Amino acid sequence: MRQELEQISGSVDHIIFRSDQTGFTVLELNTGEELVCVVGEFSGVEAGEELQLTGYYTTHPTYGYQFKAEAYERSLPATANAIYKYLSAKTIKGIGPATARRIVDEFGDETLKVIENSPLMLSRVKGISEKKAMEICGEFKKIFGIRTVMLFLNSYGITAAQSIKVWKRWGTMAVDMIQDNPYLLCSEEFEIGFSTADEIAEKLEFPSDSECRIRAALRYVLERNLNNGHTCLPRKKLLDAAGRILGLSPEQTEPVLEQEIADGALYSIDRGEQDYLYLPAMLTAESYITSRLTLMASAQPEEMERLNDVIDVFEKDNAITYADLQRKAIRQALVSQAMILTGGPGTGKTTTLNAIISLLEQQGKTVLIAAPTGRAAKRISEVTGKDAKTIHRLLEVEFGEGDRLQFARNEKSPLRCDAVIIDEMSMIDTLLFDSLLRAMPLKAKLIMVGDSDQLPSVGAGNILKDLIDSGCIPTVQLTEIFRQAAKSLIVTNAHRIVKGEMPDLSRKDGDFFFMQRTDMLLAQQTVLELCSTRLPKSYGFSPLDDIQVLCPSRKGELGVIELNHRLQEELNPSSRDKGELRQGFYTFRTGDKVMQVKNNYDIEWTRQQEKGQGVFNGDIGIIRAIDKAAGMLLVDFDGREVFYTAEMSSELELAYAVTVHKSQGSEFNAVVLPILGGFDKLYFRNLLYTAVTRAKKILIIVGSQNRVRYMVENNRKMLRYTGLKYFLSNGIVF
């Protein structure tokens, strides 16, 4: 039950803690009767300020009794004593305690008005020149400016966290700039959508056909389609989509598009049949990837005497015999500067990769291994016995200007290695691949391992498929299913699916099972029974650690959201001894299985005596404790314990069921896959193939045989507009 809100007021005694990224602050408030510990999302609040707070009292397990503020009003200190406290806290650059005392002694209660409106009067104070007086005024206006920005944006429903980002970007100019062009807010940097900016513009009486509105819509369509995987869009599709948003005709929008191209705000690439429009960052990335890979592909192959003999000796020493295609892949990796190793499950990619790593190390080469996600990096580390990192960790991710992510490893500070091996290449998007190539030494090898029949990356681009289809990078595709793997129906059915053939759904004696259910509620009930009783009883699988439900969709009776609710009630029902915390679609409960759904590079974790930072999109953990009063959760990610505030818990979702997309790069002992109903556009071959290949020991499909057949026959591989294949195939180097 939500606690009843109450109000308290007082002056800020001192700031205990503040996060510059989020505005989250812990402070002590002097109410005149007592000092109260207050937590909340504030910005720029300093000691001496008067605050009126709305919220409720809670008890934190570590910090004790405190007031959690949900809203606040502020005013600058009005009395000489309060002003002195405010200034002596070094709130304003150039004023320390001694100077603050002299200024307040001179101007008393009028001090802040003098600083803001008559700064030259400050030169009457000993130690302050006219130049310093103007600098003090400038610093004061910077601090006061954030209040103005927050009040202005708050009137339009913009959150405090978003306001902080706007302030950091434009400072004291923010309000004037937004009033001149509210569509400046419409960017991923501020996480403010076009519709919100459009509402502000309407209130400011901007005309519907204003140039700034059309420019923003064109850019918004391109940015939104990055999330759909497209690095660019055909001209007609861009104009049509922008026209629908704007309610304008192509004749009204195209002149603005041409001006954007002329100004260099957007780029147009003529590919013969039609033009493709790019945001600058995406064209720059595809251009660099093209030029770098073209250079790598043109490098002279390394001369290695008697290479076949080297492989023969390695086979003998390790009591192994490689198939012809495996030997070809090993040779290619040793002599080429860039190569791709691809193939489906059971074709020996891991065995081949282990030989490549060992032979490179025998040559004295330093080999770095990475994968796109934490779970994928952990898996490749386990199968190779070598240390592996996420690509972000390999490149040493950090926050740059405006809290934008950047990498410490780049052209100026490249990786120290002779070879880089990247696993799960199908998951790598264009911008990440661009960053990786920029961080690689010019003479280093790049060995890319992946399965292009799996789903493409969540981010924009279709890197692995484009590279293979271009024919410009030496590629070895392993096709032979080895004897041991051929005994697995998971493996053989996965290969049947890729070929467009129906998997064998009749067998009841292997590791691949099909349970016909044509009624939604009956299928749902079967999924619940499999996870809660049947699989644990028959195989000893843990519902939390071993079994994973994968869904094509988030919505519907067999979608992620509904199944998570039902599975939570089945596997972890509510009880008095379990803490609970409501967040978004879900009520989190102690003991719940949860997934981190966005990369968080600065969140801290502990593991026994070890400490580190970073929890990543797709990481799965268990909630070990919840303190509802304090709004805190403790989550265990494979031994890494992380504290989440209530605000941060929006980065978590229940994970009894997850989408197939979120499962990429992971493997689970048992996978339950409901396939029934749903939207046709979500049911296609490589989604089914990806889901099947996530299972290590048992796969159970629950649903309709006809729906499975539809997926197998639907090879509409998520069309993505990109330019990389075109640039590489046509030798276009920018």
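These figures come from a predicted structure and were not determined experimentally. Along the sequence shown, residues are numbered consecutively beginning with 1.
A heavy-atom distance below 4.5 Å is not found between the side chains of Ile200 and Phe206. Annotation: side chain of Leu279 is in contact with side chain of Leu226 (closest heavy-atom distance under 4.5 Å). Under the 4.5 Å side-chain criterion, counting only non-hydrogen atoms from C-beta, Val615 is in contact with Tyr644. Between Ile561 and Tyr586, the closest side-chain pair of non-hydrogen atoms falls below 4.5 Å. Two residues are said to be in side-chain contact when any heavy atoms from C-beta on lie closer than 4.5 Å; Trp605 and Phe637 fail this criterion. Proximity of Phe17 to Val39: side-chain heavy atoms (C-beta onward) are nowhere separated by under 4.5 Å. Annotation: side chain of Glu202 is not in contact with side chain of Asp198 (no heavy-atom distance under 4.5 Å). Counting heavy atoms from C-beta outward, Ile8 and Phe67 have side chains that approach closer than 4.5 Å.
Residue Thr31 is tested with Val36, Asp13, Leu53 for a side-chain contact (heavy atoms from CB on, under 4.5 Å); the sole match is Val36.
Heavy-atom minimum distance, Ala80 versus Val104: O-CG1, 3.6 Å. Shown here for Arg720 and Val458, the closest heavy-atom pair between the two residues is NH2-O, 4.4 Å. What you find for Thr390 and Thr373 is that their closest heavy atoms are CG2-C, 3.6 Å. Closest approach of Leu581 to Ser649, counting heavy atoms only: CD2-OG, 4.3 Å. Between Cys232 and Gly723, the shortest heavy-atom contact is SG-N, 4.3 Å. The two residues Met427 and Ser457 have their closest heavy-atom pair at O-CB, 3.2 Å.
Put simply, the side chain of Arg640 gets close to the backbone of Gly614: a donor and an acceptor are under 3.5 Å apart. A donor-acceptor pair under 3.5 Å links the side-chain atoms of Thr590 to the main chain of Gly579, judged by distance alone. A distance-only check finds a donor-acceptor pair linking the side chain of Asp429 to the backbone of Leu431 [under 3.5 Å]. Under a 3.5 Å cut-off, the side chain of Arg589 and the backbone N or O of Glu580 do not form any donor-acceptor pair. No donor-acceptor distance shorter than 3.5 angstrom exists from the side chain of Gln583 to the backbone of Leu652, with no hydrogens or angles considered. Asp434 places no side-chain N or O within donor-acceptor distance of the main-chain N or O of Thr430, the cut-off being under 3.5 Å.
Tyr278 and Glu286 share a side-chain donor-acceptor pair at under 3.5 Å. In this structure, a donor-acceptor pair under 3.5 Å is absent between the side chains of Glu653 and Asn564. For the residue pair Gln252 and Ser249, a side-chain donor N or O sits within less than 3.5 Å of a side-chain acceptor on the partner.
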Could you go through the side chain to side chain donor-acceptor pair (under 3.5 Å) check for Thr54 and Gln7 one step at a time?
-> CA-CA 5 Å; Thr54 302; Gln7 289 188 332; 3.2 Å; yes
Give the intermediate values and the outcome of side-chain contact (heavy atoms from CB on, under 4.5 Å) for residues Ile623 and Leu634.
-> CA-CA 6 Å; Ile623 297 177; Leu634 175 64; over 6 Å; no
For side-chain contact (heavy atoms from CB on, under 4.5 Å), just list the numbers for Leu122 and Phe107, CA-CA rounded to whole Å, side-chain angles, deciding distance to a tenth of an Å, and then say yes or no.
-> CA-CA 9 Å; Leu122 293 173; Phe107 301 109; 3.9 Å; yes
For Arg224 and Ile245, what are the C-alpha separation, side-chain angles and deciding distance, and is it a side-chain contact (heavy atoms from CB on, under 4.5 Å)?
-> CA-CA 12 Å; Arg224 187 178 62 181; Ile245 292 171; 4.1 Å; yes
So Thr587 and Arg582, side chain to side chain donor-acceptor pair (under 3.5 Å) or not? Walk me through it.
-> CA-CA 4 Å; Thr587 296; Arg582 179 74 182 175; 3.2 Å; yes
Intermediate values then yes/no, side-chain contact (heavy atoms from CB on, under 4.5 Å), Tyr656 and Gln568 = CA-CA 7 Å; Tyr656 301 102; Gln568 182 189 43; 3.8 Å; yes
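For Glu34, the CD atom is densely surrounded, since the number of other residues' heavy atoms within 6.0 Å is greater than 12. Counting non-hydrogen atoms of neighbouring residues, nucleotides and ligands closer than 6.0 angstrom, the NZ atom of Lys237 reaches no more than 12 such neighbours.
Here CG of Leu27 is found 5.0 Å from CD1 of Ile15. Values are rounded to the nearest 0.5 Å. Atom CE of Met282 is separated from atom CG of Leu266 by 13.5 Å, given to the nearest 0.5 angstrom. Taking CG from Asn462 and CG from Leu455, the interatomic distance works out to 10.5 Å, rounded to the nearest 0.5 Å. We find the NZ-CG distance between Lys236 and Leu277 to be 14.0 Å, quoted to the nearest 0.5 Å. To the nearest 0.5 Å, the span separating CZ on Phe152 from CD1 on Ile158 amounts to 9.5 Å. Atom CG of Leu222 sits about 13.5 Å away from atom OH of Tyr267, to the nearest 0.5 Å.
Annotation: ring pair (Phe, Tyr, Trp, His ring centres under 6.0 Å) contacts of Phe190 (sequence neighbours excluded): Trp170. Considering only residues two or more places apart in sequence or on other chains, Lys68 meets the salt bridge (charged side-chain N to carboxylate O under 4.0 Å, His left out) condition with Glu647. Legend: residues meeting salt bridge (charged side-chain N to carboxylate O under 4.0 Å, His left out) with Glu641, ordered by chain and number and at least two apart, are absent.
Ion pair Glu258/Arg235 flagged as a salt bridge, since at least one NZ, NE, NH1 or NH2 atom sits closer than 4.0 Å to an Asp/Glu carboxylate oxygen. Salt-bridge formation is not detected for the pair Arg213/Asp209: no Lys NZ or Arg NE/NH1/NH2 atom is positioned less than 4.0 Å from an Asp or Glu carboxylate oxygen.
Taking the six-membered ring where the residue is Trp, the centroids of Tyr183 and Phe194 are separated by under 6.0 Å.
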